[in-house]
Amino acid sequence: MKKKDLHKQVGGSHYKHFKIQPIEYIIANDLLFPEACVIKYVSRHRYKNGKEDILKAIQNLEFILQRDYSN
């Protein structure tokens with residue numbers, strides 16, 4: 001991903017103030033979808049959807065638990 005691509009954000013500015021945007025971390029670490037969502041929602045909760053984003057992060061953590069740790 002090119003740095004110039006990170007300057008364009010459709011639908012708000014809640015990621016632009018981060019030193020490292022969540023998408024940079026997600027791509028650099030080859031995270032799976034639920035892990036990526038957790039990073040995204042936890043990062044932005046103060047700047048976008050508050051409690052709703054925390055609940056979305058928890059839901060994705062539950063998906064990870066089911067996927068990786070259910071017997």
Side-chain angles (χ1 to χ4, degrees):
M1 173 173 289
K2 298 174 186 169
K3 278 284 191 188
K4 69 176 190 140
D5 295 336
L6 296 171
H7 289 65
K8 178 181 178 185
Q9 181 178 333
V10 177
S13 61
H14 45 277
Y15 296 126
K16 288 187 175 186
H17 67 278
F18 291 120
K19 292 179 182 180
I20 299 170
Q21 290 197 23
I23 191 67
E24 292 177 89
Y25 179 82
I26 291 163
I27 290 172
N29 291 285
D30 294 321
L31 296 182
L32 297 175
F33 186 74
E35 287 84 350
C37 288
V38 170
I39 297 297
K40 176 180 78 167
Y41 292 131
V42 169
S43 296
R44 76 180 197 187
H45 78 95
R46 291 184 186 166
Y47 309 103
K48 191 170 183 197
N49 296 323
K51 181 180 178 180
E52 181 180 334
D53 279 341
I54 295 300
L55 292 172
K56 289 178 180 182
I58 291 168
Q59 182 182 34
N60 279 278
L61 289 167
E62 289 170 346
F63 293 151
I64 295 166
L65 281 172
Q66 286 178 341
R67 182 192 69 207
D68 297 344
Y69 302 104
S70 65
N71 294 331

* **Within residues 57-71 or reaching into it, pairs that qualify as salt bridge (Lys or Arg N to Asp or Glu O under 4.0 Å) - sequence neighbours excluded** =>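 Pairs touching residues 57-71 that pass the test: Glu35-Arg67.
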
* Structure fact -> With sequence neighbours left out, the residues meeting side-chain hydrogen bond (donor to acceptor under 3.5 Å, both in side chains) with Lys56 are Glu52

* With sequence neighbours left out, write down each residue that passes side-chain hydrogen bond (donor to acceptor under 3.5 Å, both in side chains) with Tyr25, or none if nothing qualifies. => none

* Provide the closest heavy-atom pair for Leu31 versus Ala36 in the form atom of the first, atom of the second, distance. => CB-N, 4.2 Å

Euclidean distance, [Y] [atom2] relative to [X] [atom1], rounded to 0.5 Å:
| X | Y | atom1 | atom2 | value |
| --- | --- | --- | --- | --- |
| Arg46 | Asp53 | CZ | CG | 12.5 Å |
| Asn60 | Phe33 | CG | CZ | 6.5 Å |
| Ile27 | Gln21 | CD1 | CD | 10.5 Å |
| Leu32 | Cys37 | CG | SG | 11.0 Å |
| Glu24 | Ile39 | CD | CD1 | 13.0 Å |

* Asked: With clusters built from Ile, Leu, Val, Met, Phe, Trp and Tyr whose side-chain heavy atoms come within less than 4.5 Å, directly or transitively, what are the remaining members of the cluster of Ile64, listed by chain and number?
  -> Val38, Val42, Leu61

* Do any pairs count as a ring-ring contact (aromatic ring centres under 6.0 Å, His included) and have a residue in residues 49-71, sequence neighbours left out, and if so which ones? ->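 Counting only pairs at least two positions apart or across chains, no ring-ring contact (aromatic ring centres under 6.0 Å, His included) contact touches residues 49-71.
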
